[in-house]
Amino acid sequence: MGISKDKSIDDQIELIRRGAVEVISEDELRRKLITARDEDRPLRVKLGLDPTAPDIHLGIAVVLRKLRLFQDLGHEVIIIIGDFTAAIGDPSGKSKTRPQLSTEEIQTNAETYSKQYCQILEPERTKVVFNSEWLDRMTFSDVIKLTAKTTVARVLERDDFVQRLESNTSVGVHEILYPICQGYDSVVLKADIEMGGTDQRFNNLMGRDLQRADGQDPQVVLLMPLLVGLDGAEKMSKSLGNYVGIYESPNDMYGKLMSIPDELIFAYFELTTDVPLDEIHEMKFAFNNGELHPKVAKQRLAREVVSIYNHQDAAQSAEDYFERIHKDKELPDEIPEVKISPKNFTDGKVWIAHIIAESNFAQSSSEAIRLVRQGAVKLNGERITNDKARIEFQNDTVLQVGKRKFARLILSNT
RNA sequence: GGGGAGAUAGCGAAGCUGGCCAAACGCGGCAGACUGUAAAUCUGUUCCCUCAGGGUUCGGCGGUUCGAAUCCGUCUCUCCCCA
């Protein structure tokens, strides 16, 4: 398995550039690609993953899929699990100091990652390393020598810190070491290319500085945009809950994709599917002329994405399902069962708010009462408006809260 | 080491001449209407408790008082200025 020779360097660069925000620098990238081809030496493409949120979603997939492209072009991918750096907490894009993780948490998260990235990457061409391997072994004097290679002004020039300093928020000393750690990873691995989201710009550039200081050819930095999440506002992230996980069921995935705001449709096409750019531009043109209905465009998007992570026919059945539920307003096929404990029963009757709270559709019975008062609650399709209602409990009653939350109620025996 | 400012519900931010404060307002969240599932818009809601009532909150602890987010003491944390 050698370096791809059936694609011209220009074609390769075009593929690499798809969706990318910035390549630092394209000339260096070209040079590296040429050398790789001529010497038949794969490039070492690095990606650091922070093992904080273990579920891989479409946002991270944007970068992973680009790595897959490099593999397809014959290069080597190195995933760094930032187990050591996670203990520091990446300050990128954060307005606050991040909580530090325990080693056990990091370990479990890292394992989950390893299982999941195979969905996108070719396992046999992917090397996974933990940066504690070298960072943990450094002595204090090693650290001092390393930090001497950059300056405080350099580190403090990044936006996150500037903003935090200006807004009188604390910046921990350990946090300014973060980019240095990450940059040092590149030195140790002799990375040719480092991939990342735009929020990694500073960290990745630090890698170039440190590599240069070490006499290495600095890595090319390839930055992908941060995929905007389902809310259309914030970047997709697990903690914000605006994400689509690549391991989600086709139905969930499809449904979530149908809920993105219209403005995001084409960015999603570009970043999360393999639909050729020409075709995307045609759709966008038709969309702007009012010839292409947004819903139709989204359906295509949802089908494309679902079929990347599932079998072919999954997309179609997810679409049928979606139409049935949302257009025809039928009940979903699979309604999760929720066990209701009999402890709150009197004479076989339960207070409606108890059921809602027990189904986890409300955090407290106060919240449940509010939901009832707002007309959000239905039992077997019938709206309940009396918040004091006590209902006669029957197995298989379908509880609906809001538009999307369903549960089939089952009496538990405890 | 010295001087100063501050910590209020998920976030931001009022209140701080003691009672009318479960605490303004904005954002976010949730729900209803409207729709193409959304978004935008409008409306309601947003500590807990079977709730026309009750209970626990305003960094922690203790005190003054009939009564404290509001006054006093102390502790913890953060920021700024000077050295």
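All values below come from the heavy atoms of this structure, side chains included, with hydrogens, waters and symmetry mates left out.
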Audit row: Lys190(A), Glu76(A), salt bridge (charged side-chain N to carboxylate O under 4.0 Å, His left out) steps and yes/no: CA-CA 12 Å; Lys190(A) 298 188 170 56; Glu76(A) 186 189 353; over 6 Å; no
Separation between the P atoms of A23(B) and C48(B), rounded to whole Å: 14 Å
Phe266(A) and Phe269(A) aromatic ring geometry - parallel, tilted or perpendicular at 30°/60° bounds: parallel
In whole Å, I'd like the distance from the [atom1] atom of [X] to the [atom2] atom of [N].
X	N	atom1	atom2	value
Phe361(A)	A31(B)	CZ	P	11 Å
Tyr268(A)	A38(B)	OH	C1'	13 Å
Glu367(A)	G29(B)	CD	P	14 Å
Asp387(A)	U46(B)	CG	P	13 Å

Looking at every strand, decide which applies to [X] at a 4.0 Å heavy-atom threshold: base, sugar-phosphate, or nothing.
X	value
Lys405(A)	sugar-phosphate
Ile369(A)	base
Ser364(A)	sugar-phosphate

Donor/acceptor link under 3.5 angstrom from Gln374(A) side chain onto base of G44(B):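 Under the 3.5 Å cut-off, the side chain and the base do form a donor-acceptor pair.
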Minimum-distance nucleotide (side-chain atoms of [X] versus [options]):
X	options	result
Ser366(A)	G36(B), C48(B), A38(B)	C48(B)
His293(A)	C49(B), G36(B), C51(B)	G36(B)
Lys298(A)	G32(B), G36(B), U50(B)	G36(B)

Aromatic Tyr243(A) / basic Lys256(A) pairing, under 6.0 angstrom, 45° off normal: yes
Phosphate-side-chain proximity, Arg370(A) and C48(B), N/O vs OP1/OP2 below 4.0 Å: yes
Paired nucleotide for A31(B) [Watson-Crick or G-U wobble; both distances under 3.5 Å]: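 With both distances under 3.5 Å, A31(B) matches U43(B).
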Donor + acceptor pair across side chains of Gln219(A), Glu194(A) (<3.5 Å):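 Yes, side-chain donor-acceptor contact under 3.5 Å.
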